[in-house]
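Working notes, structure below.
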Amino acid sequence: QDSRSSFVDPLAPKNPKKSGNIITYAQMAQYAASILRLSLGIMLLAHAGLKFFTFTLTGTAGFFESLGLPGFVAYVTFFAELAAGVMLVAGFYTRWAAAAAIPILAGTIVFVHGSAGWLFSNQGGGWEYPAFLIAASVAQVLLGDGAFALRNAFKGSIVMGDTNVTRAILSSMVPFK
């Protein structure tokens with residue numbers, strides 16, 4: 001293998017060609033995409049949970065109204081964060097879910113954090129963290145699903161209604177078909 005296109009696991013047995021322990025950079029990129037996908041998904045779910053469990057949706061709507069936004073936008077934001085978070089964690093239409101998160105995150109900069117300065121540690125939280133999450137979301141849009149994505153179960157010859165859908169879903173957990 002070309003050393004520029006693969007990585008040999010230092011903990012692997014001495015003869016990686018016999019044991020199959022060579023990981024290509026393309027495979028590592030798939031794992032990296034999965035880590036990013038899970039991180040973004042969990043973050044969106046945490047923010048949706050914060051709106052639902054801590055502030056309540058009614059309280060969140062009141063906060064949005066105090067910013068000059070219609071109260072219903074709080075409900076739209078909550079459901080968008082929830083749906084995008086679930087889709088990202090599951091690996092189902094990852095690019096669309098990450099793209100949908102971008103305007104929500106941009107809205108936090110425009111309406112909440114932008115006036116607090118750059119550093120997120122500032123009072124009121126600056127725009128540093130939401131800007132980073134936008135960059136991470138753009139990267140996720142470019143990278144796609146990654147390994148261990150549920151959507152892999154429905155690629156190729158697998159069609160909805162196939163009698164082997166359960167087997168296909170389980171086999172999607174094996175990366176790099």
Side-chain angles (χ1 to χ4, degrees), residues 28-155 158 160 165-166 168-175:
M28 285 192 293
Q30 293 295 307
Y31 285 126
S34 295
I35 292 168
L36 179 60
R37 175 174 55 81
L38 289 170
S39 300
L40 283 171
I42 291 168
M43 186 279 310
L44 286 169
L45 289 173
H47 279 81
L50 185 69
K51 287 173 181 62
F52 187 82
F53 295 110
T54 303
F55 301 128
T56 74
L57 293 180
T58 305
T60 302
F63 176 69
F64 276 50
E65 288 171 345
S66 76
L67 299 172
L69 296 167
F72 78 89
V73 175
Y75 295 92
V76 173
T77 301
F78 165 76
F79 286 111
E81 287 175 343
L82 181 65
V86 168
M87 291 170 70
L88 285 166
V89 167
F92 195 71
Y93 289 97
T94 299
R95 286 186 164 109
W96 288 101
I102 293 170
I104 295 168
L105 295 165
T108 67
I109 293 173
V110 172
F111 293 104
V112 182
H113 300 292
S115 62
W118 182 65
L119 289 175
F120 201 69
S121 59
N122 292 350
Q123 185 174 0
W127 56 269
E128 166 188 25
Y129 182 60
F132 173 77
L133 291 173
I134 290 171
S137 295
V138 169
Q140 189 70 67
V141 169
L142 296 172
L143 289 169
D145 296 325
F148 308 112
L150 180 62
R151 188 159 180 236
N152 291 337
F154 302 105
K155 290 181 180 176
I158 304 302
M160 298 301 284
V165 168
T166 303
I169 290 171
L170 292 175
S171 69
S172 75
M173 298 305 172
V174 178

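Contact detail for Ala98 and Val141: the closest heavy-atom pair is CB-CG2, 3.8 Å. When all heavy atoms are compared, the tightest approach of Ala33 to Gly144 is CB-O, 4.2 Å. Contact detail for Ala100 and Pro103: the closest heavy-atom pair is O-CD, 3.3 Å. The two atoms that bring Phe120 and Glu128 nearest to each other are N-OE1, 2.9 Å, heavy atoms only. Of all heavy-atom pairs spanning Gly125 and Ala116, the tightest one is O-CB, 3.3 Å. The two residues Val89 and Arg37 come nearest to each other via the heavy atoms O-NH1, 3.0 Å.
Note that CZ of Phe78 is 9.0 Å distant from OG1 of Thr60, once rounded to the nearest 0.5 Å. Leu40 contributes atom CG, which lies 13.5 Å from atom CE of Met87 (distance to the nearest 0.5 angstrom). Distance check: Phe52 CZ to Tyr75 OH gives 10.5 Å after rounding to the nearest 0.5 Å. To the nearest 0.5 Å, atom CD of residue Gln140 and atom CD1 of residue Ile102 are 10.5 Å apart. The NE2 atom of His47 lies 14.0 Å from the CG atom of Leu82; values are rounded to the nearest 0.5 Å. Atom CG of residue Leu69 and atom CZ of residue Phe63 lie 9.0 Å apart, to the nearest 0.5 angstrom.
Among residues at least two apart or in separate chains, salt bridge (Lys or Arg N to Asp or Glu O under 4.0 Å) pairs with a member in residues 64-88 are Lys51-Glu81. Every pair passing side chain to side chain donor-acceptor pair (under 3.5 Å) that includes a residue from residues 86-109 is listed here, sequence neighbours excluded: Thr94-Asp145.
For Val73, the side chain to side chain contact (heavy atoms under 4.5 Å, CB included) partners are Phe64, Pro70, Thr77, not counting sequence neighbours.
Paired with Leu88 under the rule side-chain contact (heavy atoms from CB on, under 4.5 Å), one option of Leu45, Ile42, Leu44 passes, and it is Leu44.
Ring geometry for Phe148 against Tyr31 counts as tilted: the plane angle lies between 30° and 60°, on a 0 to 90° scale.
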